[in-house]
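The block underneath contains the structure these notes are about, expressed in structure tokens.
Only a predicted model underlies this, so the values are computations on that prediction, with no experimental measurement involved.
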Amino acid sequence: MAEVTDDLPNNKAGSTLENGTEPDSSGIDPLSSGTDGEEELIATILASSPGGARASSTGSTTALMGSLKLEDDTDTKDLFITVDDPQKHTFKVDAYVTYRVFTRTTRGNYDNSEYSVRRRYQDFLWLRQKLAESQPTHLVPPLPEKHSMRMDRFSSEFLQTRQKALNQFLERIAEHPVLSFNESFKVFLTAKAWELTAHRKQGSGIISRVGSSLKTTSSTYLLKNRDPEFTIMHEYIQTFGDKLGSVERISGRVLQEETDYAADLDTYGPVFRLWANSEVELSDDLINIADAVEGCAKATKNSVETQDSTCIPTLKEYILYAEAVKDVLKRRDYFQLEHELAADELSRKKNEREQIKISDQAYSFGAFIGKDPVDVKEEKSTRVESQIEKLQRQVEYLSDKTECANADLKADMDRWHKHKRKDVKQVLVDIAEQQTKKYEQSLAAWESVITSLRNGRGDDSTLELSNLLVPGVLSQPESDVVFETNSASKSTSAEADDALDMGSDDLDIEAELERELEQIE
């Protein structure tokens, strides 16, 4: 196993994010190459990105081959990733947490079969930005939010939730037939700390990223004829994000109210215990009430913890997923806008060519400075023809590029819908099961109280049911509970026998009195 043992990057090096696009390794320009070769054109499309930077065509070919293999046979998983062991690193002016990323793989482009590295949140953020820049037409999974409004960022609960979310992020990338073959993803999984820092510094600055973001944002409003399929997709994801956001906000309020309710119950139960100290005849009943209240508080706390650690993170992930889908749709619209603008320019140049054919250049600027009008007309025709040829290649290139973007987005959305259905169903099942469990425990607690009150005293026969609710009694062996219950049953039977005996003695006394009265008469 290849394990990183060098020191972690210092605080200064890790506090600044500098990301950018992949370096240009293809050097192919469809407008200046002077060729219409189909293979070269396709390679150029696969290697291009919206900012003008291009990824390696060899890597793209490998990614496509991996896509075909993984799509055809889903059982041949060859990349396994685990995120665990969060560790806090404290410095004089800063503190951060790193996570161990353990990788096992059988892929041939990895030098070893196992890797173990430590990564912080900013490293995950760098990876996602690189994937989005190098694969702009694919849906990159979202990262969890950096901060939480409900928990401290160094608390064990927050670190556990963050660890699960980061593990889910890497698993989704590993299962993607294209993103999992990205070179930046391999660097993230295998590079040592200082090597990863060097890679992070090679990217372009924030200005280029902001410029690219402005272009993709404006393309949505400038686009003339968007495909109806993507219009429906945009409307769906907008509605999905809005409704899921409402569910998440209301769920947060409900959990907060349940947390406050459980805190009130924690102060409510001891009141009955204190009351029981001054009421000897009611002490058993009051203690049973206190036990029931404490059992309800425990059930409510368990419900809140479960929903806060499993349900809420999934809702937040898909809210962020909706934003990621919107970003990919914007980039797809940008590609289509480029194609439309190029097509409009080509149409304008063709009209200009027709106008030159029927125009008289005798009064043109070239004729005014002494050139032959025929030569002027020929020069203009030649120049326009050259521009039309370049524009035709550009329109073909952008058309193919748009089609590739459409195909990538459709495939990723199909995959996303499958994951969404599975994850949302699991969330609904978890909520239903947890609510059922909470109310069953609360019902059992109060039913035990009713049984005790109807018997007129705190009977030992309710002990077994109370053990399910009161902390500390849960660890009592089952045999002891059964023994105590049997003892209580035996004592109850003995008391009943004594009562029958006393009743029979009273009948004998009454019979003797009646006989004595008869003798006196």
Go through the side-chain N and O atoms of [X] and [Y] and say whether any donor and acceptor fall under 3.5 Å apart.
X: Q434; Y: D430; answer: no
X: E440; Y: T436; answer: no
X: T197; Y: R200; answer: no
X: H176; Y: N182; answer: no

Under 3.5 Å, side chain of [X] to main-chain N/O of [Y], donor-acceptor pair present?
X: R128; Y: V140; value: yes
X: Y121; Y: L166; value: no
X: R273; Y: A290; value: no
X: D123; Y: R120; value: yes
X: N288; Y: D284; value: yes
X: R100; Y: D85; value: no
X: T306; Y: N302; value: yes
X: K164; Y: P313; value: no
X: R172; Y: P141; value: no
X: S452; Y: S448; value: no

When rounded to the nearest 0.5 angstrom, what is the spacing between [atom1] in [X] and [atom2] in [Y]?
X: R162; Y: E145; atom1: CZ; atom2: CD; result: 9.0 Å
X: L179; Y: Q135; atom1: CG; atom2: CD; result: 6.0 Å
X: Y261; Y: D266; atom1: OH; atom2: CG; result: 11.0 Å
X: R253; Y: L255; atom1: CZ; atom2: CG; result: 11.5 Å
X: E258; Y: K438; atom1: CD; atom2: NZ; result: 3.5 Å
X: L127; Y: S184; atom1: CG; atom2: OG; result: 7.0 Å

Got a salt bridge between E175 and R415, using NZ or NE/NH1/NH2 to carboxylate O under 4.0 Å?
no
Going by an N to O cut-off under 4.0 Å, is there a salt bridge joining D412 and R332?
no
Is [Y] close to [X] at the side-chain level, that is, under 4.5 Å between some pair of heavy atoms?
X: F102; Y: D84; value: no
X: F188; Y: L131; value: no
X: K130; Y: H199; value: no
X: I289; Y: W275; value: no
X: L79; Y: F185; value: yes

Could you report the tightest heavy-atom contact between [X] and [Y], atom names first, then the distance?
X: R107; Y: A174; answer: NH2-O, 4.1 Å
X: V187; Y: L196; answer: CG1-CD1, 4.1 Å
X: P136; Y: R331; answer: O-NE, 2.7 Å
X: V83; Y: L170; answer: CG2-CD1, 3.6 Å
X: W446; Y: C296; answer: NE1-SG, 3.2 Å
X: S309; Y: E305; answer: OG-O, 2.9 Å

Does [atom1] in [X] sit with more than 12 non-hydrogen atoms of other residues, nucleotides or ligands closer than 6.0 Å?
X: Q160; atom1: CD; value: no
X: K243; atom1: NZ; value: no
X: Y439; atom1: OH; value: no
X: K437; atom1: NZ; value: no

Side chain to side chain contact (heavy atoms under 4.5 Å, CB included) for Q426 and T314? Distances and angles first, verdict last.
CA-CA 10 Å; Q426 186 60 48; T314 302; over 6 Å; no
Run the numbers on S251 and I312 for side chain to side chain contact (heavy atoms under 4.5 Å, CB included), then give the verdict.
CA-CA 8 Å; S251 298; I312 298 299; 3.7 Å; yes
Only counting residues at least two apart or in another chain, list the ones meeting ring-ring contact (aromatic ring centres under 6.0 Å, His included) with F169.
none
Mind checking what makes ring-ring contact (aromatic ring centres under 6.0 Å, His included) contact with Y99, not counting sequence neighbours?
none
Once the angle between the rings of W416 and F240 is folded into 0 to 90°, is it parallel (under 30°), tilted (30 to 60°) or perpendicular (over 60°)?
perpendicular
side-chain hydrogen bond (donor to acceptor under 3.5 Å, both in side chains) assessment of N167 paired with Q163:
CA-CA 6 Å; N167 190 84; Q163 173 187 315; over 6 Å; no
Stepwise side chain to side chain contact (heavy atoms under 4.5 Å, CB included) check, V271 with T267:
CA-CA 7 Å; V271 173; T267 60; over 6 Å; no
Go through Y268 and F272 one step at a time and tell me if the ring-ring contact (aromatic ring centres under 6.0 Å, His included) criterion holds.
CA-CA 7 Å; Y268 191 40; F272 288 96; 5.0 Å; yes
Pair L143, L125 - check side chain to side chain contact (heavy atoms under 4.5 Å, CB included), show working.
CA-CA 7 Å; L143 276 171; L125 186 61; 4.1 Å; yes
Aromatic ring proximity, centroids under 6.0 angstrom, Y321 and Y318
yes
Tell me whether R119 forms a cation-pi arrangement with F124, defined as NZ or CZ under 6.0 Å from the six-membered ring centre and within 45 degrees of its axis.
no
